[in-house]
Q: 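Just dropping this structure here.
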Amino acid sequence: MTGKAVGGPKIVIVGAGFVGTTFAYSLLIHGLASQIVIIDVDKERAEGEVMDLNHGMPFAYPARIQTGEYSDCKDADIIVIAVDKGQKIQQSRLELAAGNFELLKQIVPSITEYNSEGILLVVTNPLDVMTYAALKLSGFPPNRVIGSGTILDTARLRYLLGEYLQVDPRNVHAYVIGEHGDSEVPVWSLANVAGIRLKDYCPICKVPYSPEDLNDLFLKVRNAGYEIAKRKGRTNYGVALSLTKIVESIVRDENAIVTVSCLLQDYYDVRNICLSVPVVLNGAGVKEVIRLPLAGDEVAAFQKSAVVVKKVADSLGL
Ligand code: NAD
């Protein structure tokens, strides 16, 4: 962290849509920032959201929340990119690439004109391609450009496994890696509860160990975004809480392990692309990329996911 913000962390959110503002609300009620600045091309929308958020202040942790300009990025510790060009619900995340890349080409240089020491946190889809774009456009070191990635998919998997096994999802250790999108990969070989692999844990909790059931459960994870969007138009709560956990890990210098998208240099021969794997995250950003001992089929699926993302990045000339 830059540590330059007066009185505590300063967080700038670019994009006052469903995700950006739900995240701002979550930041407020978790007391994680002393300053929150919201920037949007739709200034009225940003103003309305800021007014509404500020009216909750007597019941939350003290924070200064305001609308702003890119010059307000100056001493920000974290700048979150949550913009969108206006997507159709049924478009796959990767189909959104060209439009949102155009936005990032305007936004990232506007941020870096005023800030060279903060952490960029990308949430705009297609997440991995946009994270890579932000890395290239900013020139920031790779440890300071992060995409929310599969932290959300991992949370969905832990929640659903918790339901299946009847244990608190916080005690389920399982990861989704690769693309935040259709080619993502569940790491079943390492999934465990209390250090016990699922195959051995299922009999303990008297639930059948069924690879078919587990696969159905993963399909629910993979399709969750589409299923939620079909019903309510957008997803916002799960992702906002995921972003909150990422920010908490940074501002509290936690060394927390989270699955986020970041530049991979050589991860099972995957290199020069942003994808999610578990990392150690602290005040400096990504401290360590954790190399999971994956099973053979998981390595193959992960490499396939990288090809899918790379193809889109290449098509944008990245
Ligand atoms: P939204 O349409 O509600 O909000 C997007 C906001 O971006 C709007 O307020 C719009 O005015 C603003 N915007 C557009 N162009 C801008 C510009 N040039 N400068 C500043 N602001 C600009 O969208 P949303 O539901 O909040 O989603 C935001 C993004 O997050 C989307 O790309 C969505 O796909 C993505 N998303 C990612 C995850 C994840 O897990 N990574 C989860 C949910 C949504």
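Counting starts at 1 for both ligands and their atoms, in listed order.
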Q: By ring pair (Phe, Tyr, Trp, His ring centres under 6.0 Å), which residues pair with Y175, not counting sequence neighbours?
A: none
Q: Got a salt bridge between E254 and K245, using NZ or NE/NH1/NH2 to carboxylate O under 4.0 Å?
A: yes
Q: If the cut-off is 4.0 Å to any non-hydrogen atom of I107, which atoms of ligand 1 fall inside it?
A: 17 (C), 18 (N), 19 (N)
Q: Identify, by atom number and element, the atoms of ligand 1 in contact range of H180, meaning under 4.0 Å from any of its heavy atoms.
A: 39 (C), 40 (O), 41 (N)
Q: Strictly distance-based, threshold 3.5 Å: is any side-chain N or O of D40 a donor or acceptor partner for the main-chain N or O of A16?
A: yes
Q: Which atoms from ligand 1 have a heavy atom of V239 less than 4.0 Å away?
A: 38 (C), 39 (C), 40 (O), 42 (C), 43 (C)
Q: Hey, which atoms in ligand 1 end up nearer than 4.0 Å to a heavy atom of G17?
A: 1 (P), 3 (O), 4 (O), 6 (C), 9 (O), 26 (O)
Q: Do the charged groups of K220 and D216 touch, with an N to O distance under 4.0 Å?
A: no
Q: Nearest non-hydrogen contact with atom 16 (C) of ligand 1 belongs to which option: V14, L152, L243, V41?
A: V41
Q: If you measure every N/O of A82 against every N/O of ligand 1, is any gap under 3.5 Å?
A: no
Q: Can you list the ligand 1 atoms lying under 4.0 Å from a non-hydrogen atom of V19?
A: 24 (P), 25 (O), 26 (O), 27 (O), 43 (C), 44 (C)
Q: Hey, looking at atom 12 (C) of ligand 1, which of L103, D40, V83 has the closest heavy atom?
A: D40
Q: Considering distance alone, does some N or O of T235 sit under 3.5 Å from an N or O of ligand 1?
A: no
Q: Is there any N or O on S148 that sits under 3.5 Å from an N or O of ligand 1?
A: yes
Q: Less than 3.5 Å between some nitrogen or oxygen of F18 and one of ligand 1, yes or no?
A: yes
Q: Taking E69 first and then K43, would you say they form a salt bridge - that is, a charged N and a carboxylate O separated by under 4.0 Å?
A: yes
Q: Drop me the distance from L219's CG to L160's CG, to the nearest 0.5 angstrom.
A: 11.0 Å
Q: One thing to verify: whether R231 and E227 come together as a salt bridge, which I'm taking to mean a side-chain N less than 4.0 angstrom from a carboxylate O.
A: yes
Q: Identify whether the distance between the nearest side-chain nitrogen and carboxylate oxygen of K10 and D75 falls below 4.0 Å.
A: yes
Q: Using distance alone, determine whether D42 and ligand 1 share an N or O pair under 3.5 Å.
A: no
Q: Identify the residue among N192, V207, V167 that makes a side chain to side chain contact (heavy atoms under 4.5 Å, CB included) with Y201.
A: V167
Q: Given that the side chain starts at C-beta and the backbone is N, CA, C, O, which of these parts of Q106 lies under 4.0 Å from ligand 1, counting heavy atoms, or is it both or neither?
A: side chain
